[in-house]
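Report on the structure given below.
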There are 2 protein chains.
Amino acid sequence: MRLAIPEVVVLRLPEYLRALEQLAGEGVYLVSSQELGEKLQVTPAQIRKDLSYFGHFGKQGKGYDVKRLIGELRRILGLDRDWRLAVVGVGNLGRALLRYGGFSQQGFKIVAAFDTNPKVTGKKVGPVVVQDVAEMPKVVKSEGVHIGVVSVPASAAQEAVDRLVQAGVRAILNYAPATLRVPPSVYIRHVGPVSALESMTFYLKDVKG
Amino acid sequence: MRLAIPEVVVLRLPEYLRALEQLAGEGVYLVSSQELGEKLQVTPAQIRKDLSYFGHFGKQGKGYDVKRLIGELRRILGLDRDWRLAVVGVGNLGRALLRYGGFSQQGFKIVAAFDTNPKVTGKKVGPVVVQDVAEMPKVVKSEGVHIGVVSVPASAAQEAVDRLVQAGVRAILNYAPATLRVPPSVYIRHVGPVSALESMTFYLKDVKG
DNA sequence: TTCTGTGAACGGATTCACAGCA
DNA sequence: TGCTGTGAATCCGTTCACAGAA
């Protein structure tokens, strides 16, 4: 077991987890690195090496116990507890995120939503009532928000992030198409629907007419 | 210039592009790899090396012409043309994607939407009228769809992908939390709101209580 | 002088190949 | 025999450091 785990490894673990949960749903109890690799288009050695950073989860000659490995991965990824999210920006995307059911399955709970538009504030969307951003410092504290989700327009994204950081949020998922500045102690990741498409087209452009 | 460009490089180009577009909007005409690197939290050498795979875009002693580099990156990424999208699955997420305005700015155009639910088919959502999935083969051809966006529930994702592939779509952006099988000739990428959170919590779990 | 572009050096991730266990 | 776990070897991406252009 090494001390520093490569970031690429951490990024692959959720993929493994998802595939394993699918297998569990199909009633599969045991899976080899070979089989899992085929499903995920990853080499078996890659999977074994990745898992070996965290412990010895397999049985020689058999493979991995699917249920057990799901549990281990969830623990490794910190998914064996609840994470409290706040959504900033209740436009199309924010509204979809608030109503999206997939978060709760993995222990993500939306506990607050913020917007500046008085046509939206005060209304219930998904599990929460939208509040004015002015309430953010108070609510982040009282609701124990861990992660901020930014779904405002690009032009308002930096301000939204600044407010979240100011309110004490240390992790941000950014859906706005903007490059944002945060202090080094804050973990930020950009997702956005367009970025993935943009690198995809690089590979498509020579293939299709 | 090398022949094979590392995938990581391609994944960084949209980040560069976004930062440059932001700079252009601020009226910046010239930027050094140093300055761009600070904005993006990337080393200047990384940026210079990445760009050197594609050509000589900078001016020694000066830096990069922002407008010029935006144009080059858009060309490199294949964004100097239109890309036609079809959304499969008009639930919360699909509806948000259909109504999302950010696609068109980068040349992505939603030309079709499909669902199986008769409560949704026939209705206009965003720029298109939702059609039954049975229409897919015909519509994909007539509308010249390049990229399929899957936003159905996990349980229906494999079927949605199969239908898209069958209809001739060669590139798929998957929002469903499922591991999907496609022929080797089809380019698929998973995005989904949960995956990014799951690797984030790995880094957060030891920090916050 | 300033900053790009790039071979060379370095470091880190992937793959190999096999020891070890069931 | 079958498959894991892992050092060693390999491969690949990043960083260094400097030549060269403005």
Side-chain angles (χ1 to χ4, degrees), chain A residues 1-17 19-20 23 28-73 76 199 202-203, chain B residues 1-17 19-20 23 28-73 76 199 202-203:
Chain A
M1 212 204 290
R2 235 171 73 184
L3 281 99
I5 286 122
E7 193 182 358
V8 270
V9 172
V10 177
L11 292 172
R12 277 193 295 266
L13 297 184
E15 306 285 327
Y16 297 170
L17 178 58
L20 288 162
L23 287 170
V28 177
Y29 287 96
L30 212 59
V31 70
S32 67
S33 58
Q34 173 78 42
E35 291 161 339
L36 191 59
E38 274 165 23
K39 194 172 169 70
L40 285 160
Q41 307 280 51
V42 166
T43 65
Q46 177 93 269
I47 292 173
R48 294 203 302 277
K49 177 67 104 178
D50 285 354
L51 296 176
S52 78
Y53 284 111
F54 304 100
H56 304 213
F57 307 130
K59 285 178 188 148
Q60 277 124 334
K62 297 276 187 174
Y64 298 87
D65 181 291
V66 173
K67 286 253 173 73
R68 156 108 195 277
L69 193 48
I70 287 172
E72 297 285 0
L73 286 175
I76 292 162
S199 45
F202 174 83
Y203 295 103
Chain B
M1 216 205 287
R2 232 170 77 183
L3 280 98
I5 287 122
E7 194 182 356
V8 270
V9 173
V10 177
L11 291 172
R12 277 194 294 266
L13 298 184
E15 306 286 324
Y16 297 171
L17 177 58
L20 287 163
L23 287 171
V28 178
Y29 287 95
L30 213 58
V31 70
S32 67
S33 59
Q34 173 79 41
E35 291 161 339
L36 191 59
E38 274 166 23
K39 193 172 170 72
L40 285 160
Q41 308 279 52
V42 167
T43 64
Q46 176 93 270
I47 293 173
R48 295 202 301 277
K49 176 66 99 176
D50 284 354
L51 296 176
S52 78
Y53 284 110
F54 305 99
H56 304 214
F57 307 130
K59 284 180 189 148
Q60 276 122 333
K62 296 278 186 174
Y64 298 88
D65 181 291
V66 174
K67 286 254 174 71
R68 156 108 194 276
L69 192 49
I70 288 172
E72 297 285 359
L73 285 175
I76 291 163
S199 46
F202 174 83
Y203 295 103

Check: Of the residues in residues 56-68 of chain A, which ones touch DNA chain D at a heavy-atom distance under 4.0 Å?
Finding: A:His56, A:Phe57, A:Gly58, A:Lys59, A:Gln60, A:Gly61, A:Lys62, A:Gly63, A:Tyr64
Checklist line | Within residues 42-51 of chain A: residues closer than 4.0 Å to DNA chain D (heavy atoms) | finding: A:Arg48, A:Lys49
Any residue meeting side chain to side chain contact (heavy atoms under 4.5 Å, CB included) with [X], in chain and number order, not counting sequence neighbours:
X	value
A:Lys39	A:Ala19, A:Gln22, A:Leu23, A:Glu26, B:Thr179
B:Glu38	A:Arg181, B:Gln34
B:Lys62	B:Leu30, B:Lys59
A:Gln46	A:Arg12, A:Tyr16, A:Val42, A:Thr43, A:Asp50

In whole angstroms, how far is the [atom2] atom of [N] from the [atom1] atom of [X]?
X	N	atom1	atom2	result
A:Leu11	C:dA13	CG	C1'	13 Å
B:Leu30	D:dA22	CG	C1'	12 Å
A:Glu72	D:dT4	CD	P	16 Å
A:Tyr53	C:dT14	OH	P	7 Å
B:Leu36	C:dG5	CG	C1'	16 Å
B:Gln41	D:dT15	CD	P	13 Å
A:Gln34	C:dT15	CD	P	13 Å

Note, [X] side chain near [Y] side chain (heavy atom, < 4.5 Å):
X	Y	value
A:Tyr203	B:Val10	yes
B:Leu51	B:Leu69	yes
A:Ile70	A:Tyr64	no
B:Tyr29	B:Lys67	yes

Note to self: Below the 4.0 Å mark, does C:dT4 have OP1 or OP2 next to a side-chain nitrogen or oxygen of B:Ser33?
What the structure shows: yes
Next item on the list: Quick one: closest heavy-atom pair of A:Glu35 and A:Ser32, and the distance?
Entry: OE1-N, 2.9 Å
